[in-house]
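Reviewing the structure listed below.
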Protein chains: 2
Amino acid sequence: MSKGREIFRRVTANDVARLAGTSQSAVSRVFTPGASVSAETREKVMAAAGQLGYRPNAIARSLITRRSRIVAVAMAYLNNQFYPDVLEALSDRLQAHGYQILLFTADRHAAADPVLEQVMRYQVDAIVLASTSLSSAFARECRQAGVPVVMFNRTTDDPGLLSVTGDNERGGHTIARFLLAGGHRRPAFIAGLEASSTNRDRERGFTRGLAEAGLATPLRAVGHYSFEGAAEATRQLLRRANRPDAIFCANDHMAIACMDVARHEFGLSVPEDLSVIGFDDVGPARWAGYDLTSYSQPLLPMVEATVTLLMECMEDPSRPMRGVVLEGQLVVRGSARRPAGWAG
Amino acid sequence: MSKGREIFRRVTANDVARLAGTSQSAVSRVFTPGASVSAETREKVMAAAGQLGYRPNAIARSLITRRSRIVAVAMAYLNNQFYPDVLEALSDRLQAHGYQILLFTADRHAAADPVLEQVMRYQVDAIVLASTSLSSAFARECRQAGVPVVMFNRTTDDPGLLSVTGDNERGGHTIARFLLAGGHRRPAFIAGLEASSTNRDRERGFTRGLAEAGLATPLRAVGHYSFEGAAEATRQLLRRANRPDAIFCANDHMAIACMDVARHEFGLSVPEDLSVIGFDDVGPARWAGYDLTSYSQPLLPMVEATVTLLMECMEDPSRPMRGVVLEGQLVVRGSARRPAGWAG
DNA sequence: CTGAAAGCGCTTACAG
DNA sequence: CTGAAAGCGCTTACAG
């Protein structure tokens, strides 16, 4: 401990009690909502606390209450605007409930992570796993330690885990129908991470929609949810002799890369020569330079559902787990040819 | 406390000690890097810990060491890609030093904030104030409580506070010279938040650069660092009879809105009819659809400097404060007319 | 309503 | 190297 630290001795409840002429318990009660204190005591304590600049120590409080009021959030891919938006909304809602976020930026590919082990040591009350490849095994371990885990934008086969997602399969299916109604005959798909449930569900719905109209499994390339990956995937698809007339990208972030490559490297017009559709409906999809048709993820309802699940589960950990699926909708803009009478 | 919670009794160092046949102190030492334990003891303890799934309680540790190894980060404007990028880099670097981030999404306009008061209760070891209007008074209060504060991407007149910024004034000045060299005669400026130091410094440099060439103070509109605000500011500027031939936007996020409005609402070609320049050099500036000329902020060095300052300051709080200014550079792309022989 | 006291799960002198 | 013990700053029965 360096010399400099000593000069800042923290103000404790004891210091306040001494100045206010009460017991330390009384000070604690004044700062505990719902505890019984007389108006007189409260006043004396508040005056003393104000004078000393007292701030209750949440760490000490957590130790004894065994609730830290901290939620760990694991995220990656923050350059996909969907995630910062989620983070901001989640933080706002959690703060409104009196919870703080301990942020954990996960390695994008690791199944386990030493830092998350570290985070667990802070006795977090719950965990939100968003956009990570962290194994379900880890999530299950947390559950066993009594810590609720919500998989955000990701499902799992494990029935013991909570999850909140958009209706990915229906989204993919809707996009297939939209493209077919628009007269496209050679649709292609750019996949995100193959192991992710979002990619699997979106692709499944898309392929099923095409199959229902008698089309074969679409052309396909993998973009790994990254900008550069999607650009390269687009090049692969557009270099083909019989190139696709539409590309559905597993998210907007990749769809933007796809449009850039189509227009600026291949000189194609969107949507005249090529229709492009994304998924998420993030901010940049609305930018006039892209005007991207996209299937929306209902971000605010998803965040709200996540917070609700967490609160319920912290209240009663024995409550049965469930997955929540929230409906999005196709947001039709200018990046894909519009069918004449499209009605959803 | 609900019934369900009880079934998950936490495993403590005492449980491990009992199983391992050692004292609780020994268990603690095994998990304290640098503490002296025999190989034999270490082995017994590790075996028992593994068997029980023991994880040291960081909350209890923090209480006694008086160091939480948590850094509070206050942010807003996460839809400006600069900030998620900062957050991700900051989190990575801090995690590498064994620190975690307690995220605090600030109200964009409040000078003080009840939630930040809450965050302070967690005995954070340091605070990074990025992109907020939180008052310097608050920052000073934290300093007095012995908690180092770094203003990120923001300066202050207060000599008692640390800050890390890009060279905003030089950036604005460079942009002015670049536009002048490109033959522009009616440059305009779209301001961010007028109260922010970044806006003030960028604008000052820009205005000075124009003045040195004999130009008057440029036309000006305020975009408040928001997309819609910048769109409206652009409309104001372009509706004028004698419209500008170049617009410098105080950040890239606004420059993108500006380009969208210029092209899609006013039918202008960029850069033929109008040059647009931004600041930050965020990801979307590189997207082919915008190809935005921008003055870069050296994000990684800024984050690295922030972490270094924090570490130094936590090591020795009496160390004199200093501001760090890191050089960026003009990244010339296609959104602004290029001077024939531009050499920086 | 109020205070004294126990205890949350650790770290760290201290003595051996 | 090791253990017993004090103590970090709180909350919360318990008794008054």
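Quick caveat: nothing in here was measured; it's all calculated off a predicted structure. Protein chains get the first letters and strands the later ones, always in sequence-line order, with residue 1 at the start of each. These numbers come from the heavy atoms of this one structure, side chains and all, not from hydrogens, waters or symmetry mates.
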Answer yes or no: is there a side-chain heavy-atom contact under 4.5 Å between A:L63 and B:N57? yes
First of B:L63 and B:Q24 reached from the 5' end of DNA chain D, by closest nucleotide: B:Q24
Heavy-atom contact window of chain A on DNA chain D, given 5' to 3' at under 4.0 Å: D:dG9 to D:dA13
Need to verify one output field. Residue with the more 5' nearest nucleotide on DNA chain C, A:S25 or A:S36? A:S36
B:R29 or A:R55, whichever maps to the more 5' nucleotide of DNA chain D: B:R29
Find out whether B:Q100 and A:V119 are in side-chain contact, i.e. whether some heavy atom of one side chain is under 4.5 Å from a heavy atom of the other. yes
Where DNA chain D forms runs of at least three Watson-Crick or G-U pairs (i with j, i+1 with j-1, under 3.5 Å), the stems are C:1-3 with D:14-16, C:5-12 with D:5-12, C:14-16 with D:1-3
Side chain to side chain, B:V164 and B:N153, heavy atoms closer than 4.5 Å: no
Which of B:E117, B:Q118, B:Q123 passes side chain to side chain donor-acceptor pair (under 3.5 Å) with A:R55? Answer is B:E117
Contact class for A:S62 (heavy atom, under 4.0 Å): base, sugar-phosphate, or nothing? nothing
Looking at B:R93, B:Q95, B:E88, which one forms a side chain to side chain donor-acceptor pair (under 3.5 Å) with B:S91? B:Q95
Looking at B:M46, I want to see if its CE is surrounded by more than 12 non-hydrogen atoms of other residues, nucleotides or ligands under 6.0 Å. no
Take atom CD in B:E43; do more than 12 heavy atoms of anything else shown fall under 6.0 Å from it? no
Using a 4.0 Å heavy-atom cut-off, does A:F31 contact any base of the nucleic acid, only the sugar-phosphate backbone, or nothing at all? nothing
Would you mind classifying the nucleic acid contact of B:S28 as base, sugar-phosphate or nothing, using non-hydrogen atoms under 4.0 angstrom? base
Using the C1' atom as the point on both nucleotides, what is the distance between C:dT12 and C:dG16, in whole Å? 16 Å
So, B:F31 versus B:Y54, ring centres under 6.0 angstrom or not? yes
